[in-house]
Amino acid sequence: MKISVNDEAVEVDDGTTVAALVERLGFGEKGIAVAVDLSVLPRSEWQTTLADGARVEVVTAVQGG
């Protein structure tokens with residue numbers, strides 16, 4: 001199925017969870033936030049299965065000053 005990740009089309013298997021997607025994309029476990037269809041998803045809900053056409057945004061924390 002097709003989803004959008006940070007405005008780029010990505011093909012994933014049916015039943016892919018947010019956690020599996022984050023791991024597949026190579027993001028670390030800390031310092032990131034995920035929104036699905038414009039709603040921020042708490043880490044406790046990352047076992048949520050993605051639907052076809054879902055819009056996912058992955059944002060990383062940046063340190064600076």
Side-chain angles (χ1 to χ4, degrees):
M1 75 181 168
K2 289 185 181 181
I3 63 170
S4 170
V5 179
N6 296 347
D7 293 324
E8 292 186 28
V10 176
E11 188 78 28
V12 296
D13 295 330
D14 290 344
T16 298
T17 64
V18 172
L21 177 66
V22 167
E23 182 178 330
R24 172 184 161 184
L25 296 174
F27 289 99
E29 291 186 20
K30 296 187 180 199
I32 64 170
V34 177
V36 178
D37 296 326
L38 303 176
S39 295
V40 175
L41 203 62
R43 190 176 298 267
S44 62
E45 296 180 24
W46 282 15
Q47 292 308 316
T48 299
T49 301
L50 294 165
D52 189 39
R55 293 184 61 207
V56 180
E57 296 290 329
V58 181
V59 181
T60 58
V62 177
Q63 188 174 357

Compare all side-chain heavy atoms of [X] with those of [Y] and state whether any distance is below 4.5 angstrom.
X	Y	result
Thr16	Arg24	no
Val36	Leu50	yes
Ile3	Leu21	yes
Glu57	Asp7	yes

Leu41 and Trp46: which non-hydrogen atoms are nearest, and at how many Å?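 The answer is O-NE1, 3.1 Å.
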Between Met1 and Gly15, what is the shortest heavy-atom contact and its length?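 Minimum heavy-atom contact is CE-N, 4.4 Å.
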Does [X] have more than 12 heavy atoms from other residues, nucleotides or ligands lying within 6.0 Å of its [atom1]?
X	atom1	answer
Glu23	CD	no
Arg55	CZ	no
Glu8	CD	no

Hydrophobic cluster membership, with links at side-chain heavy-atom distances under 4.5 Å among I/L/V/M/F/W/Y: are Ile32 and Leu25 in one?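 Yes; Leu25 is reachable from Ile32 via cluster members.
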Sole residue of Val34, Thr49, Val58 in side-chain contact (heavy atoms from CB on, under 4.5 Å) with Val18: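 Result: among Val34, Thr49, Val58, Val34 is the only option passing the side-chain contact (heavy atoms from CB on, under 4.5 Å) with Val18.
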Approximate separation, where rounding is to 0.5 Å, of Asp14 CG and Asp52 CG: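 CG of Asp52 is found 7.5 Å from CG of Asp14.
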